[in-house]
Amino acid sequence: MSSTPLHDWGLAPAEAVALQRRLAGRVERGDRLDPVSRIAGVDIGFEQDGEITRAAVVVLAWPPAADGAFEVVEQAVHREPTRMPYIPGLLSFREVPAALAAFDKLSTRPQLAMVDGQGIAHPRRLGVASHLGLWLDLPTIGVAKTRLVGRHDEPGAERGDWAPLVDHGPEGEEVIGAVLRSREGVKPVYVSPGHRLCLETAVGWVVACLGKTKLPEPTRLADRLASRRDQKRR
DNA sequence: GCGACAG
DNA sequence: ATCTTGTCGC
């Protein structure tokens, strides 16, 4: 018997893995950025015990105001029935369709997007940020709260300090991301290139978008919108 | 066979 | 991811 196909993709898990390997070969790791004036934050949340998938995209103006505040240019939410379970390594197949639908609702197109999850710091170098970037042909950065793959030392204690995330690949040891101390006294975030930019550039943008919290503003605001934390609070 | 395992 | 109050600390 064949395994259950990945809903929107009509693929069996083994085929999804094969597809990831092919797509990973198309991910651009060099910088190919247009002048940035709008940065998007993307995240997916769930409602009703996971029955409903809720994709959120927040577009912020770059650069921030003199006081450091980022202006929200536009934001969109897309809800739909959840059609796939969470499978480590195959997260993008569960979240990308909804994220794309949310992007379709935007009237403006950002030049850069930060996604809640990994970029190339993935078993086959195709995390959700890379997958989405490839689909949108947009530079993307993966900003995850925890590790999926790779080894690393503890980063320095100062905001901005980071340690390389290393993993063994076909060509030996490879630096696939950065374990960044985004805030003092807090667990670091895992930053990795998604598409069309290198690690140093990715880390630079994340640091430039840091506010007073652990997560950079784009991802933090998308997180709030996806989890309805902005209205859920009474 | 025994762990590890983004959200 | 999500279910959830108070509480410790800057």
Side-chain angles (χ1 to χ4, degrees), chain A residues 6-8 13 16-17 20 23-24 27 41-57 77-102 113-134 140-152 157-159 165-168 176-180 182-195 199 202 206 211-216 218-234:
Chain A
L6 295 175
H7 184 82
D8 276 1
V17 167
Q20 289 186 322
L23 293 178
V27 172
V42 186
D43 188 34
I44 309 298
F46 297 88
E47 303 174 10
Q48 300 171 30
D49 294 301
E51 296 298 306
I52 302 296
T53 295
R54 181 189 174 91
V57 181
V77 170
H78 169 75
R79 299 169 71 256
E80 64 177 36
T82 301
R83 294 167 279 194
M84 265 195 56
Y86 164 66
I87 301 173
L90 298 180
L91 177 68
S92 63
F93 292 93
R94 170 175 161 91
E95 303 192 338
V96 167
L100 290 175
M114 290 190 194
V115 184
D116 186 33
Q118 314 288 350
I120 63 171
H122 174 280
R124 292 165 292 283
R125 309 295 181 260
L126 193 83
V128 62
S130 299
H131 202 152
L132 185 61
L134 218 41
T140 56
I141 299 172
V143 181
K145 294 178 287 295
T146 60
R147 184 195 70 89
L148 174 58
V149 293
R151 305 174 290 93
H152 67 85
E158 314 249 316
R159 156 182 292 221
L165 178 62
V166 181
D167 190 35
H168 185 78
I176 57 176
V179 184
L180 174 71
S182 54
R183 186 181 176 182
E184 298 184 353
V186 177
K187 286 292 185 182
V189 292
Y190 293 74
V191 178
S192 59
H195 183 47
L199 177 60
V206 171
K212 299 176 180 177
T213 55
K214 167 176 175 169
L215 298 177
T219 295
R220 183 182 72 81
L221 295 174
D223 213 86
R224 284 185 17 159
L225 188 57
S227 303
R228 308 178 296 178
R229 231 161 301 171
D230 51 335
Q231 66 116 86
K232 204 171 184 179
R233 279 292 155 208
R234 57 149 295 175

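Since the model is a prediction, treat every value here as computed from it, not as a measurement. Residue numbers begin at 1 in each chain, while the letters A, B, ... track the order of the sequences.
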(message) Under 4.0 Å, heavy atoms only, any strand: does A:G89 hit a base, just the sugar-phosphate, or nothing?
(response) base
(message) For A:H131 together with A:F93, are the ring centres under 6.0 Å from each other?
(response) yes
(request) Return no unless some side-chain N or O of A:K145 is found under 4.0 Å from OP1 or OP2 of B:dG7. (result) yes
(request) In whole angstrom, give the distance that lies between atom CD1 of A:I87 and atom P of B:dG7. (result) 16 Å
(message) Mind checking if A:L90 touches a base, just sugar-phosphate, or nothing, with heavy atoms under 4.0 Å?
(response) base
(request) Looking only at side-chain atoms of A:L148, point me to the closest of C:dT2, B:dC5, B:dG7. (result) B:dC5
(message) From OH of A:Y190 over to P of B:dC5, roughly how many Å is that when rounded to an integer?
(response) 9 Å
(request) Report the stems of DNA chain B as range-with-range entries sorted by first number; a stem here is at least three consecutive pairs, Watson-Crick or G-U wobble, both distances under 3.5 Å, and write none if there are none. (result) none
(request) Indicate whether OP1 or OP2 belonging to B:dG7 is found under 4.0 Å from a side-chain N or O atom of A:T146. (result) yes
(message) Looking at A:R224 and A:D43, is any side-chain nitrogen of the basic one under 4.0 Å from a carboxylate oxygen of the acidic one?
(response) no
(message) Using a 5.5 Å cut-off between ring centres and planes within 30 degrees, is A:Y86 stacked on the base of B:dG7?
(response) yes
(request) Provide, to the nearest angstrom, the distance between the CZ atom belonging to A:R147 and the P atom belonging to B:dC5. (result) 5 Å
(request) In sequence, state the C-alpha distance, the side-chain angles, and the governing distance for A:T82 and A:E51, and then conclude on side chain to side chain contact (heavy atoms under 4.5 Å, CB included). (result) CA-CA 5 Å; A:T82 301; A:E51 296 298 306; 5.6 Å; no
(message) Need one value for A:E95: base, sugar-phosphate or nothing, where a base atom within 4.0 Å counts as base even if backbone is also close, heavy atoms only.
(response) sugar-phosphate
(message) Check A:R229 with A:D223, please: is the shortest side-chain N to carboxylate O separation under 4.0 Å?
(response) yes
(request) Flag the pair A:R54 and A:E47 as a salt bridge only when some basic side-chain nitrogen lies within less than 4.0 angstrom of an acidic carboxylate oxygen. (result) yes
(message) Checking contacts here: which listed nucleotide (B:dA6, B:dG7, C:dT2) is nearest the side-chain heavy atoms of A:S227?
(response) C:dT2
(request) Answer with base, sugar-phosphate or nothing: what part of the nucleic acid does A:G127 contact at a heavy-atom distance below 4.0 Å? (result) base
(request) Report yes if the side chains of A:V143 and A:P216 come closer than 4.5 Å at any heavy-atom pair, otherwise no. (result) yes
(request) Applying side chain to side chain donor-acceptor pair (under 3.5 Å) between A:Y190 and each of A:Q118, A:H152, A:R147, A:K145, report the one that passes. (result) A:H152
(request) Have a look at A:D49 and say if it touches a base, only the backbone sugar-phosphate, or nothing, with a 4.0 Å heavy-atom cut-off. (result) nothing
(request) Measure from CG on A:L215 to P on B:dA6 and round the result to the nearest Å. (result) 16 Å
(request) Select base, sugar-phosphate, or nothing to describe what A:V128 touches, counting heavy atoms under 4.0 Å on all strands. (result) base
